[in-house]
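Since the structure comes first, as C-alpha cells, the remarks are kept for the end.
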Protein chains: 2
Amino acid sequence: MEDRISKGELTRTRILDLAEEAVLQKGFAATSLDELISAAGITKSGFFYHFKDKSELAKHMFVRYMEREDEIFADLEARADALSDDPLHSTLILLKMLADMLADLPETHPGCLVASYCYQHQLFNDEIRRLNEDSVLTWRAFFLRRLERIAEVYPNPEVNLRAMADLALTFIEGGIILSKTLRQKELLPELLLMYRDYVRRVFSPV
Amino acid sequence: MEDRISKGELTRTRILDLAEEAVLQKGFAATSLDELISAAGITKSGFFYHFKDKSELAKHMFVRYMEREDEIFADLEARADALSDDPLHSTLILLKMLADMLADLPETHPGCLVASYCYQHQLFNDEIRRLNEDSVLTWRAFFLRRLERIAEVYPNPEVNLRAMADLALTFIEGGIILSKTLRQKELLPELLLMYRDYVRRVFSPV
DNA sequence: TCCATTTTCGTACCTTTGGTACAGTTTTTC
DNA sequence: GAAAAACTGTACCAAAGGTACGAAAATGGA
C-alpha cells in the first residue's frame with residue numbers, strides 16, 4: 001500500500017545520519033563505532049549486520065550524501081528552468097535559489113563530505129576515492145552543461161567554460177570552510193551571490 | 001657563531017614534519033603517535049618529552065604552519081611591492097607570483113591545515129579552534145589591507161572589499177580541495193589567476 | 001674536565017577502539 | 001506458521017593514546 005520503509009532501512013538511516021554528523025565534526029577515524037551504536041540504540045552485532053566493516057559505512061554514507069545533493073540540484077534546476085527559458089536567466093535564478101537555501105539554514109553549513117574525505121583520503125580505499133572524484137566531476141558537468149547552454153545564446157569566446165564551472169565548486173567548498181571556521185553562516189550565501197554576479201557580468205552584453 | 005640549532009629542536013622539527021604530512025593525508029585522529037615516533041626514530045618517552053600530549057602536537061604543528069605561511073606571504077608582498085608602486089599593479093604581481101609558486105610545486109598541493117582542522121574541529125580544544133579562526137582573520141586582513149589601498153587609487157563604490165578579501169581565501173581553500181580531489185595540480189594556479197583577473201576587472205578603469 | 005641541563009630510552013600498565021567469530025533470539029513479512 | 005530479516009550476547013584480539021617514573025646518554029658552557 002504505502003511506501004513502506006523496512007525496519008532495517010530505518011536503522012541504517014539512523015546510523016548513517018549519526019555517522020555523517022560525527023564525521024563532519026571530527027573526521028572519520030575519530031568517529032567510533034561504539035559511539036554510533038550507543039547513539040543509535042543498537043549493539044555492535046547489530047551494526048555489523050548492516051555494514052560489513054567501517055569502510056562499508058564510509059562508502060554508503062558517501063553514496064547517500066551524493067544522492068541527496070544530486071536531488072537538491074536536480075530540484076533547483078527544475079524549478080529554475082520552469083521560471084525562465086533563457087539559459088542565463090534561469091541559471092542566475094538557480095544560483096539565487098541556492099544562495100537563499102543556504103541562507104535559510106538554521107545553523108552554519110555542517111560541511112561537505114567531499115571535502116572531509118579529500119582531507120582524509122588515505123583512510124579510504126580506491127573505490128571510495130573514485131566515488132569522491134566522480135562526484136566532483138559530476139558537479140563540474142552539471143555546471144558546465146548549463147554554462148555551455150548560456151554560451152550558445154550569449155557567446156563569449158574569451159571565457160574558459162570548464163574553469164568557470166570549476167569555479168562554482170570552488171566557491172562552495174571554499175565558502176563552507178570560511179563559514180565553518182569563522183562560524184558565520186552568512187559568508188557562504190554571500191560568496192555564492194558573488195559567483196552569480198560573476199556569471200552575469202561575463203555573459204551579459206554591455 | 002652560526003645559528004646553531006639544538007638537537008632537540010631538530011627532533012621536534014622532524015616530528016612536526018612527519019605529523020603535518022600524515023595529518024593532511026589522513027586526518028589528526030588517524031595519525032598515530034606510534035607511527036610518528038618510529039618514523040622519527042625515537043621512542044614514546046622521547047615524544048612526550050617534546051610534547052606533553054597529542055593536543056600540544058596539534059597546536060605546535062598549527063602555529064608552525066601559520067608562521068611559515070605568513071613568511072611566504074610577507075615575502076611575496078615584499079617582492080611584489082618592490083616591483084611596482086601602484087597598489088593595483090603590485091597586487092596583480094603578487095597574485096601572479098603566488099600562482100606561479102603553486103604551479104611550480106612538484107606535486108599536487110598537500111593541503112591546508114586550516115581546512116583540515118576545520119573539518120575536525122571537535123577534536124581540538126578552544127585554544128586551537130581560536131588559533132584557526134585567528135589565522136583566517138589574519139589572511140582576510142592581509143588581503144583587505146591591499147584591496148583598500150587599491151580602492152584609494154581606483155575607487156569603486158560598488159564593491160564590498162571585505163567580501164572580496166574573503167574571496168581570495170575561498171579560491172585558495174576551494175582550489176586546494178578541487179586540485180586534491182581530482183589530483184590535478186594545474187587547477188589551483190588556474191583558479192588563482194581567475195581571482196587575479198577578477199581583481200583587475202573590478203578596479204581597472206574601462 | 002667537570003657539572004648541570006637537555007634530550008632520550010626502557011618498561012610496565014591502563015583504557016578505548018575497531019574488528020572477528022559465532023551461536024542464539026526476537027521481529028517482520030509473506 | 002515458516003522463512004527471512006533484524007537483531008542480541010559473549011568472548012576475544014591487537015593497536016592506539018596515554019601515564020608514570022627511573023635511568024642513561026648527549027650536549028654545552030665554565
Side-chain angles (χ1 to χ4, degrees), chain A residues 1-23 25-62 116-117 120 122-125 127-128, chain B residues 1-23 25-62 116-117 120 122-125 127-128:
Chain A
M1 336 220 163
E2 328 95 288
D3 240 344
R4 293 281 284 120
I5 297 168
S6 71
K7 195 188 171 197
E9 196 61 46
L10 270 176
T11 306
R12 228 165 295 143
T13 302
R14 209 157 7 112
I15 296 171
L16 289 171
D17 284 342
L18 290 161
E20 191 176 311
E21 196 192 338
V23 165
Q25 289 186 6
K26 52 191 182 190
F28 185 70
T31 298
S32 81
L33 297 187
D34 280 346
E35 160 198 354
L36 295 178
I37 64 179
S38 77
I42 56 171
T43 62
K44 208 167 213 180
S45 327
F47 175 87
F48 283 106
Y49 170 75
H50 290 289
F51 305 98
K52 82 169 209 282
D53 56 21
K54 213 190 173 188
S55 136
E56 280 278 296
L57 173 69
K59 186 179 117 191
H60 281 101
M61 187 165 40
F62 190 78
S116 176
Y117 280 31
Q120 299 173 76
Q122 197 131 94
L123 294 180
F124 305 110
N125 56 38
E127 190 189 2
I128 296 181
Chain B
M1 338 217 160
E2 326 98 287
D3 240 346
R4 293 280 283 116
I5 296 168
S6 71
K7 196 184 172 199
E9 197 61 45
L10 270 175
T11 306
R12 227 166 295 144
T13 302
R14 208 153 12 105
I15 296 172
L16 289 171
D17 284 342
L18 291 162
E20 191 176 311
E21 195 191 338
V23 165
Q25 289 185 9
K26 50 191 185 192
F28 185 70
T31 297
S32 79
L33 298 187
D34 283 344
E35 159 197 356
L36 295 179
I37 65 178
S38 77
I42 55 170
T43 62
K44 210 165 213 180
S45 327
F47 175 87
F48 283 107
Y49 169 74
H50 291 289
F51 305 99
K52 82 170 210 283
D53 57 20
K54 212 188 174 192
S55 138
E56 280 277 297
L57 173 69
K59 186 178 116 189
H60 281 101
M61 187 167 39
F62 189 78
S116 176
Y117 280 30
Q120 299 173 76
Q122 196 130 96
L123 294 180
F124 304 110
N125 55 39
E127 189 190 2
I128 296 181

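Heavy atoms only: backbone and side chains are in, while hydrogens, waters and symmetry mates are out. Each chain gets a letter, A, B and so on, in the order the sequences are listed, and its residues count up from 1.
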Summary of protein contacts for nucleotides 16-21 of chain D, nucleotide by nucleotide, where a base hit scores B, a sugar-phosphate-only hit scores S (4.0 Å, heavy atoms)
SBBB--
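B/Arg14 places its CZ atom 11 Å from the C1' atom of C/dT8, with the value rounded to the nearest Å. Atom CD1 of B/Ile42 and atom C1' of C/dT6 are 14 Å apart (whole Å). Atom CG of A/Leu123 and atom C1' of C/dG18 are 13 Å apart (whole Å). As a whole-Å value, the separation of A/Glu56 CD from C/dG19 C1' is 14 Å. Distance, A/Phe51 CZ to C/dG19 C1': 16 Å, rounded to whole Å. The separation between B/Ile15 atom CD1 and C/dT8 atom C1' is 11 Å, rounded to whole Å. We find that CG of A/Leu57 is positioned 14 Å from C1' of C/dG19, with the value rounded to whole Å. For B/Ile37 and D/dA15, the CD1 to P distance is 14 Å, given to the nearest whole Å.
Pairing each heavy atom of A/Ala40 with each of A/Ile15, the nearest pair is CB-CG1, 4.2 Å. Across every non-hydrogen atom of B/Leu123 and A/Ala30, the tightest pair is CD2-CB, 3.4 Å.
An OP1 or OP2 oxygen of D/dA6 is reached within less than 4.0 angstrom by a side-chain nitrogen or oxygen of A/Tyr49. Look at A/Thr11 and you'll find a side-chain N or O under 4.0 angstrom from OP1 or OP2 of D/dC7. OP1 or OP2 of C/dT8 lies within a sub-4.0 Å distance of a side-chain N or O belonging to B/His50.
Note: B/Phe124 and B/Phe28 have tilted aromatic rings, judged against thresholds of 30 and 60 degrees for the angle between ring planes.
Applying the ring pair (Phe, Tyr, Trp, His ring centres under 6.0 Å) rule to B/Phe47 yields the partners B/Phe51; only residues at least two apart in sequence or on another chain are considered.
Looking only at atom types and distance, the side chain of B/Glu35 has no donor-acceptor partner in the side chain of B/Thr31 under 3.5 Å away.
In this structure, A/Arg12 CZ and A/His60 NE2 are separated by 7.5 Å, a value rounded to the nearest 0.5 Å.
Here the side chain of A/Asn125 pairs a donor or acceptor atom with the backbone of A/Ile128 at under 3.5 angstrom.
Looking only at side-chain heavy atoms (C-beta outward), B/Met61 and B/Tyr117 come within less than 4.5 Å of each other. When side chains are defined from C-beta on, A/Ile37 counts as touching A/Asp34, because their heavy atoms get closer than 4.5 Å.
The terminal axes of the helix from C/dT1-D/dA30 to C/dC30-D/dG1, fitted over 5 pairs per end, subtend an angle of 30° to the nearest 10°.
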